[in-house]
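Structure first, commentary second.
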Protein chains: 2
Amino acid sequence: MAENSSDICREQCFHPDTVERVSCAMASREDLLAVAELFKALGEGRRMSILNALLRSELCVCDLTLILNMSQSAVSHQLRVLRGARIVKSRKEGKNVYYSLDDRHISMLIETGFEHVREERGDEL
Amino acid sequence: MAENSSDICREQCFHPDTVERVSCAMASREDLLAVAELFKALGEGRRMSILNALLRSELCVCDLTLILNMSQSAVSHQLRVLRGARIVKSRKEGKNVYYSLDDRHISMLIETGFEHVREERGDEL
DNA sequence: TATTTATATGAACCTATGAACATATATTAA
DNA sequence: TTAATATATGTTCATAGGTTCATATAAATA
């Protein structure tokens, strides 16, 4: 996977010092993959609606099925993904399991995401 | 796709006023999908490394192929996804096309993502 | 203990998507 | 105009991931 650069940029089309500087500042492969996994888990319509709901209040699985009109199975599967990515945390109380957003980072991510797309939409006018 | 709730929560296992309140506060389907698309585009390892590089500096495609050791085709394909999601913007100068992050929201999202996964890692100790 | 209820999980199916290859477009230079 | 270079795109293939259905687990209740 190393010989891609051999047939491009034969002439000095690039910027050696910038390339050097940026290369040195790159995050670790581990962190990069972890962040990508985090965003991947956030990047699905149903999961985002679950999170949008959890932005307002802690909710049990049953509440979510009603709010989002999804099957219990589908909700549960998606919650598993969100739990695995440490986007939500859960708390058991009797027969019910209550879910909420993991921490402030998560709510900030979601809110910033909404801000971004809403601003974009404004730009389009 | 509507009859999922009919066979669950027959008894009042849920919280009617919370469900009502949260239901009313839900974002539009349009916004939800847009945000999900945004995060989906952020949620891939290669793309995240492109973005991590762009966090430091505006770069042309050729710079990126060198920094990330990816084929030109792969870089271009991923840049297309990022452009489509309005995560990066481009500027043409002669034969080169320079890419940079779209706006402050994007850098904030990426930085918050890194903070989150690094904090998590600390928690595991 | 037996049953009901709330949630979780496994498997099968289908669609979406990343990688790699070849090729197309656009800009500069000869 | 022709050739070379930088970037973009179309296609094919393999795989990841979401949904549903069926079932398993766990807690409450009879």
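We name chains A, B, ... by the order of the sequence lines, and we start the count at 1 in each one. This one's a predicted model, so the numbers in the text were calculated from it and none came from an experiment.
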[N] OP1/OP2 closer than 4.0 Å to side-chain N/O of [X]:
{"X": "B:K40", "N": "C:dT17", "value": "yes"}
{"X": "A:R46", "N": "D:dG18", "value": "no"}
{"X": "A:Y99", "N": "C:dA6", "value": "no"}
{"X": "B:K95", "N": "D:dT7", "value": "no"}
{"X": "B:R80", "N": "D:dG10", "value": "yes"}
{"X": "B:N96", "N": "D:dT7", "value": "yes"}
{"X": "B:Q78", "N": "C:dT17", "value": "no"}

Nearest whole Å is fine: how far is [N] [atom2] from [X] [atom1]?
{"X": "A:K92", "N": "C:dA6", "atom1": "NZ", "atom2": "C1'", "value": "9 Å"}
{"X": "B:E44", "N": "C:dA16", "atom1": "CD", "atom2": "P", "value": "18 Å"}
{"X": "B:L64", "N": "D:dT7", "atom1": "CG", "atom2": "C1'", "value": "12 Å"}
{"X": "A:L79", "N": "D:dG17", "atom1": "CG", "atom2": "C1'", "value": "16 Å"}
{"X": "B:E93", "N": "D:dT5", "atom1": "CD", "atom2": "C1'", "value": "16 Å"}

message: Less than 3.5 Å apart, any donor N or O on the side chain of A:R46 or A:Q78 sitting next to an acceptor on the other?
response: no

Identify each donor-acceptor pair in which a side-chain atom of residues 104-114 of chain B lies under 3.5 Å from a protein atom, sequence neighbours left out, and give them as a table.
from   : atom 1 : to     : atom 2 : distance (Å)
B:H105 : ND1    : A:H116 : ND1    : 3.4
B:H105 : ND1    : B:D103 : OD2    : 3.3
B:H105 : NE2    : A:E115 : OE1    : 3.2
B:S107 : OG     : B:R104 : O      : 3.1
B:T112 : OG1    : B:M108 : O      : 2.8

- prompt: Does the base of D:dA8 carry an N or O that pairs as donor and acceptor with the side chain of B:Q72 under 3.5 Å?
  reply: yes

- prompt: Is there a donor N/O on one and an acceptor N/O on the other, under 3.5 Å, for the side chain of B:S73 and the base of C:dC21?
  reply: yes

- request: With the side chain of B:C60 defined as its heavy atoms from C-beta on, choose the nearest nucleotide among D:dT7, D:dT20, C:dT7.
  value: D:dT7

message: Measuring from the side chain of B:S76 (C-beta onward, heavy atoms only), which nucleotide among D:dT9, D:dT20, C:dA8 has the closest atom?
response: D:dT9

Ring-on-base stacking C:dT9 with A:H77 (under 5.5 Å, under 30°): yes

query: Looking at residues at least two apart in the chain, or sitting in another chain, which of them share a ring pair (Phe, Tyr, Trp, His ring centres under 6.0 Å) with A:Y99?
result: none

